[in-house]
Number of protein chains: 2
Amino acid sequence: MVIKPSLTERQNQVYEFLRSYIRDHQKPPTMAEIGNALSIRSTNAVFKFVVALEKKGYLTRTPRVSRGIALTQAGDQLSFTRPPPLLPIIRAARSDQPEQLRHHPTGALHVDARLLGPTDADVCLVTVAGDDGMSEQGIRMGDFLIVEETNQEQLFSGELVAAVIGERIMARSFDFSRNRLHLQPSARGYAAESFPPDSPGCHIIGRVLGVMRKL
Amino acid sequence: MVIKPSLTERQNQVYEFLRSYIRDHQKPPTMAEIGNALSIRSTNAVFKFVVALEKKGYLTRTPRVSRGIALTQAGDQLSFTRPPPLLPIIRAARSDQPEQLRHHPTGALHVDARLLGPTDADVCLVTVAGDDGMSEQGIRMGDFLIVEETNQEQLFSGELVAAVIGERIMARSFDFSRNRLHLQPSARGYAAESFPPDSPGCHIIGRVLGVMRKL
DNA sequence: CGCTATGGTGAATATGAATTCACCATAGCG
DNA sequence: CGCTATGGTGAATTCATATTCACCATAGCG
């Protein structure tokens, strides 16, 4: 078991116990329960561990409240406690009618928040329709792309983006230069495409945060 | 708001409050907190609601334990889609000690049941440690593989499997012929490996059901 | 050596919280 | 009408839990 930075062996044990207890019971343990698990007879010793972990930022307490312990983000609780968001799967639409995209989801999948990372934007899933020339990026036909919906101004050159080109959704490497939008596939044999800003033939959905595939 | 079978309006309100409180606080509320939210001044009234909900199977209590309420699966299924399973992320272990694998998860991620498909076996996640020669399959370094834990007899030739070879976990195409186990990478330049059955140098974790990647 | 951090025991204390008791109001029903 | 289920008040009681106090042992360090 990896010991977290600045935690002693024993503090780490307490921390790991908190994680497993919360996962199993859907609520934090009491001081006595912690002590019981780690063979500490005095709740005082446990209390001091909890305070130490709080000081180091691994948890927060609500004083004088039973089971008042909550693990912090730093301590990595999001993934196993909060139910993961349900992301809509959007289907292709014509690039000159991008508003249509969000209104006709074909389904939805739960995606763990840790695959999303910190983002305030809406996130959706798009399916890769065909072999779209991104095999070098490990993207294949049928994959789901996790897409953070951003507008063009928030993107950096070289980022992987999902875009509607014509009536197809594809993944492309993004580049904006010489006042034109360049969308490049990763594989040879596929043509890069280039559009003027606000071209009706091309609509950027957003940044690709991840990929999911069912075999 | 849809009222669940056999719940009164008020009982339903209590139940919905429990759900939202647990979602927001990662722990169940106290009687007083419930009463507070629903403008019930007497904890006794709240207590009677909780007992009623317990009797109807919407929750279970741990008597005389603070925050001893736990919502049941039954109540969950009626009210919202089941939270996706939380799969442990297992780390490399030596192939001659495969039992060790499950006992030291390094974390866990929620994975939508639709990516898993129908399976009764245990499913876990493994991380792809390095470029392991499966780029033709769209598998890259750092990817999570969704692995259905199966033993060798249940596998078919040509299936993609995850295996512990030496101390590394890798994805390989599975083939059993001439009384030997053949594990082939997809890319040229990587050697296929071949083992006798039950070789201590190789342990099959199971069939790869899917892939997840965070960029 | 004295000083400090860590990890502990055991008991006392105060507050949090579940549970019980007594009693009330309203609505539906045979 | 009397009966029962539901929903409620307020206070008392008892157990659970957090927090504090006093004191101890060990190891590393200047």
Side-chain angles (χ1 to χ4, degrees), chain A residues 1 3-18 21-22 24-72 75, chain B residues 1-18 20-22 24-72 75:
Chain A
M1 185 156 321
I3 299 187
K4 280 87 205 156
S6 80
L7 287 193
T8 66
E9 172 66 28
R10 203 68 169 133
Q11 288 169 350
N12 189 60
Q13 286 172 20
V14 172
Y15 181 72
E16 287 301 327
F17 171 73
L18 289 174
Y21 186 99
I22 292 171
D24 295 345
H25 297 82
Q26 305 297 310
K27 68 180 170 237
T30 62
M31 300 298 156
E33 285 165 342
I34 299 171
N36 209 277
L38 300 186
S39 303
I40 301 173
R41 249 159 295 190
S42 170
T43 60
N44 177 36
V46 175
F47 183 69
K48 285 197 279 187
F49 279 124
V50 169
V51 170
L53 285 171
E54 184 187 25
K55 205 167 298 175
K56 292 182 178 180
Y58 284 82
L59 54 82
T60 57
R61 284 188 322 119
T62 313
R64 276 175 304 290
V65 161
S66 75
R67 302 172 194 275
I69 293 172
L71 298 186
T72 59
Chain B
M1 187 170 310
V2 186
I3 298 187
K4 282 90 207 154
S6 80
L7 287 194
T8 67
E9 173 66 27
R10 204 68 170 134
Q11 288 170 349
N12 188 60
Q13 286 173 18
V14 172
Y15 182 72
E16 287 301 327
F17 171 73
L18 288 174
S20 69
Y21 186 98
I22 291 172
D24 295 345
H25 296 82
Q26 310 298 310
K27 67 179 169 240
T30 63
M31 300 297 155
E33 285 165 342
I34 299 170
N36 209 275
L38 299 186
S39 302
I40 301 172
R41 250 160 295 193
S42 171
T43 60
N44 178 36
V46 175
F47 183 69
K48 286 196 279 187
F49 279 124
V50 170
V51 170
L53 285 171
E54 184 188 24
K55 205 166 297 173
K56 292 182 179 179
Y58 284 82
L59 55 82
T60 57
R61 285 189 321 119
T62 314
R64 274 175 306 292
V65 161
S66 74
R67 303 174 192 276
I69 294 172
L71 297 186
T72 58

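Labels below follow one simple rule: chain letters A, B, ... track the order of the sequence lines, proteins then strands, and each chain is numbered from 1. In this text, all values refer to a predicted model and were calculated from it rather than measured experimentally.
- Each of D:dA11, D:dG7, C:dG7 was ranked by its minimum atom distance to the side chain of B:Phe49; first place goes to D:dG7.
- Residues B:Glu54 and B:Val50 fail the side-chain proximity criterion, which asks for heavy atoms closer than 4.5 Å.
- OP1 and OP2 of C:dA17 both lie 4.0 Å or more from every side-chain N or O belonging to B:Arg64.
- A donor-acceptor contact under 3.5 Å links the side chain of B:Thr43 to the base of C:dT19.
- The closest side-chain heavy-atom distance from B:Leu59 to B:Tyr15 is not below 4.5 Å.
- In this structure, of C:dG7, C:dT19, D:dT17, it is D:dT17 that holds the atom nearest to the side chain of B:Val65.
- Counting heavy atoms from C-beta on, the side chains of A:Leu53 and A:Ile69 never come closer than 4.5 Å.
- Atom CD in A:Glu9 sits about 21 Å away from atom P in C:dA5, given to the nearest Å.
- Proximity of B:Arg41 to the phosphate of D:dT9: a side-chain N or O atom is located under 4.0 Å from OP1 or OP2.
- Between atom NZ of residue A:Lys48 and atom CG of residue A:Asn44 there is a gap of 5.0 Å, rounded to the nearest 0.5 Å.
- Looking at heavy atoms from C-beta onward, B:Ile22 lies out of side-chain contact with B:Lys27 at the 4.5 angstrom threshold.
- Put simply, A:Arg61 has a side-chain N or O that comes within less than 4.0 Å of OP1 or OP2 on D:dT19.
- For the pair A:Asn36 CG and D:dA16 P, the computed distance is 14 Å after rounding to whole Å.
- Nearest-nucleotide positions on DNA chain D for B:Ser39 and A:Phe47 put B:Ser39 closer to the 5' end.
- Per the geometry, CE belonging to A:Met31 stands 19 Å off P belonging to C:dA14, to the nearest Å.
- In plain terms, the two heavy atoms of B:Tyr21 and B:Arg67 that are nearest each other are OH-NH1, 3.6 Å.
- Here D:dG10 sits opposite C:dC21 as a Watson-Crick or G-U wobble pair (both hydrogen-bonding atom distances under 3.5 Å).
- Contact between the side-chain N/O atoms of A:Arg67 and the OP1/OP2 oxygens of D:dA18 is not found at any separation under 4.0 Å.
- Checking C:dT9, C:dG7, D:dG7 against the side-chain heavy atoms of A:Arg10 singles out C:dG7 as nearest.
- Of the side-chain N and O atoms in B:Ser66, none sit less than 4.0 angstrom from OP1 or OP2 of D:dA16.
- A:Arg10 places a side-chain heavy atom less than 4.5 Å from the side chain of A:Ile40.
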Extract from the structure each pairing of a protein N or O with an N or O of nucleotides 21-23 of chain D at less than 3.5 Å, listing the distance.
from   : atom 1 : to      : atom 2 : distance (Å)
D:dC21 : N4     : A:Asn44 : ND2    : 3.0
D:dA22 : N6     : A:Asn44 : ND2    : 3.2

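- Listed pair B:Thr8 / D:dG7 meets the phosphate criterion, a side-chain N or O lying under 4.0 Å from OP1 or OP2.
- In this structure, the CD1 atom of B:Ile34 is 16 Å from the C1' atom of D:dG8, given to the nearest Å.
- Pairing for D:dT26 is with C:dA5, a Watson-Crick or G-U wobble pair whose two hydrogen-bonding atom distances lie under 3.5 Å.
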